[in-house]
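Structure, as structure tokens:
Because only heavy atoms are used, hydrogens play no part in the values below, and waters and symmetry mates are left out as well, while side chains stay in. So that the names make sense, note that chain A is the first sequence line, chain B the second, and so on, each numbered from 1.
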There are 2 protein chains.
Amino acid sequence: MIRRIPQARDRGIPDATVARLPLYLRALNGMAERGTATVSSEDLALAAGVNSAKLRKDLSHLGSYGTRGVGYDVQYLIYQISRELGLTQDWAVAIVGVGNLGRALANYGGFASRGFRIAGLLDADPHVVGDRIAGLVVEHADELESVIKKRGVSIVVIATPATAAQQVCDRVIAAGVTSILNFAPVVLAVPDGVDVRKVDLSIELQILAFHEQRKANGGPIMAEEWPDGVVM
Amino acid sequence: MIRRIPQARDRGIPDATVARLPLYLRALNGMAERGTATVSSEDLALAAGVNSAKLRKDLSHLGSYGTRGVGYDVQYLIYQISRELGLTQDWAVAIVGVGNLGRALANYGGFASRGFRIAGLLDADPHVVGDRIAGLVVEHADELESVIKKRGVSIVVIATPATAAQQVCDRVIAAGVTSILNFAPVVLAVPDGVDVRKVDLSIELQILAFHEQRKANGGPIMAEEWPDGVVM
DNA sequence: TCGACTTTGTGCATAGCTTCACAAAGGCAC
DNA sequence: GTGCCTTTGTGAAGCTATGCACAAAGTCGA
């Protein structure tokens, strides 16, 4: 779950908008690569898979960066969104837990290109410590606090088994980290002021199963359960 | 004209509720393992990391399964939520793209325990085809349609590079699949009736970076001073 | 049986998000 | 400049989600 942070009154950008900005950014980067100079809200919305009114309202929270009758300058908008998201600076990220998932994350190219630098890989298993992955040597989990402090890590990714997650979480918070991305299937308990985002692979499948079952049953309302409140 | 009135037993369950049911289910499973027979909304909400009123409202969409003065029977509630999510049946899942992420997914234990059976691993790379992962032999992507049809695959996980994702998507839809979990960083174009859920690792980090930047800048007060800072 | 106590299920107010629809603003041709 | 065209930015309306607060419904001891 995401803990809400008190936001600026004037420039408090809605959470729903923040969650979509990376989407716009990716669509814009694709356009920039293809040499597109300007783009209308209609076209950008299409590329990002949202409705154009929503896109315009989202962008209006950042400022008035479009030109009426023309659209948005691709490069300028990339810059503004990047700045808003904090991607114009370099973020040092540590990944704790170098199992299959941790390795996948370490090798994922989408991080480096967006200002996220993997500054440490840590694991508690002596058999894994010392391995070289994505150009980094895996360090022992005992080094967690020192890695965080020495390398200025401000975001930690937890990719450990569920049983270890809370302990790792407590330690990184004690070491001053306030942003955590959690892949372990547990609800982490954190004090106020710490942001936790959770990615749960099995939850997504369960949501799909729910909808799939519904399709298979021939519609949203099963005859046997037809409610009294339905009016014809 | 049919008008749907939100009500207990109405099968139209809000998306926000569906997204939380797996969370409750996990908390309940933990309690069942520890031998807890009944649980109050207060305690279950605590374990799932939500507010107890929200939990009760969510559960009320499934039906009236609690006992006032006592709480919810853990086993019974597990059954009801599982049934609602469609987890009492077996789902055959195919994973396309056996890179680091595909391997991580294939080895992830959280699937099998919830009725998701990995029925196929496919990849286009001849060097990977034939590898044995999590008890399955990787098959060539050319076999996609036949694997889907022969093994009754109803959910496909796309863990390919971005460039291959849309093509894979088109093929699985043509083969009759209507539920897709996409890990590739692209917006998939799909016809009506097809469900796509997206997990994007870098988006989550970008959202964290946004909040982290806010904290670092001293919070709401500072925000007011940015707007006209940079001119292009 | 009764009364005290616990906990659910939900009406209601509020907050947040989405979408529509259009005036305002800019470009462009002449 | 003037008029026309395109597209933004946003007020307002409608919809969905959240959380409070409490009546209703149950348990339990005496």
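Atom pair L44(A):CG and dT6(D):P shows a separation of 20 Å (rounding to whole Å applied). Summarising the geometry, the separation between NE2 on H61(B) and C1' on dT8(C) is reported as 15 Å, rounded to the nearest angstrom. In this structure, CZ of R56(A) is placed 15 Å from P of dA23(C), rounded to the nearest angstrom. Whole-Å rounding puts the E42(B) CD to dA21(D) C1' distance at 14 Å. Across the protein-nucleic acid pair, I13(B) atom CD1 and dA17(D) atom P stand 12 Å apart, rounded to whole Å. Separating the CG atom of L55(A) from the P atom of dG9(D) is a distance of 10 Å, rounded to the nearest angstrom. In this structure, D58(A) atom CG and dT10(D) atom P are separated by 13 Å, rounded to whole Å. Distance Q80(A) CD to dT8(D) C1': 16 Å, rounded to the nearest Å.
For R68(B), the side-chain atoms get nearest to dA24(D) when compared with the rest of dC17(C), dA24(D), dT8(D). Picking from dT10(D), dT27(D), dT8(C) the nucleotide with the shortest atom distance to the side chain of S60(A) gives dT10(D).
Considering only side-chain N and O atoms, T67(A) lies nowhere under 4.0 angstrom from the phosphate OP1 or OP2 of dG26(C). Of the side-chain N and O atoms in S41(B), none sit less than 4.0 angstrom from OP1 or OP2 of dT7(C). Checking the phosphate oxygens (OP1, OP2) of dT7(C), no side-chain nitrogen or oxygen of S40(B) falls inside 4.0 Å. Between dG9(D) and Y72(A), a contact under 4.0 Å exists linking OP1 or OP2 to a side-chain N or O. Contact annotation: Y65(B) side-chain N/O to dT7(C) OP1/OP2 distance is not under 4.0 Å. The shortest distance between the side-chain N/O atoms of N51(B) and the OP1/OP2 oxygens of dC20(D) is below 4.0 Å. Distances shown here put a side-chain N or O of R20(A) below 4.0 Å from the OP1 or OP2 atom of dT18(C). Regarding contacts with the backbone of dT19(C), a side-chain N or O of K54(A) is found under 4.0 angstrom from either OP1 or OP2.
At the heavy-atom level, A53(B) lies under 4.0 Å from base atoms of the strands shown.
Across all their heavy atoms, R83(A) and Y65(A) have their closest contact at NH2-OH, 3.6 Å.
Note: T38(A) OG1 to D43(A) CG = 9.0 Å, rounded to the nearest 0.5 Å. The distance from the CG atom of L208(B) to the CD1 atom of I180(A) is 9.0 Å, given to the nearest 0.5 Å.
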**Item:** Evaluation steps, side-chain contact (heavy atoms from CB on, under 4.5 Å), between R171(B) and I148(B)
**Value:** CA-CA 10 Å; R171(B) 285 176 59 195; I148(B) 288 171; over 6 Å; no

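Nearest-nucleotide mapping onto DNA chain C: of T17(A) and G71(B), the residue sitting toward the 5' end is G71(B).
Using a 4.0 Å cut-off between charged side-chain N and carboxylate O, R56(B) and E42(B) make no salt bridge.
For K57(A) and dT18(C), a side-chain-to-base donor-acceptor distance below 3.5 Å is absent, hydrogens and geometry of angles not being considered.
Ring orientation note: the planes of Y79(B) and Y76(B) are close to parallel, at an angle under 30° on the 30°/60° scale.
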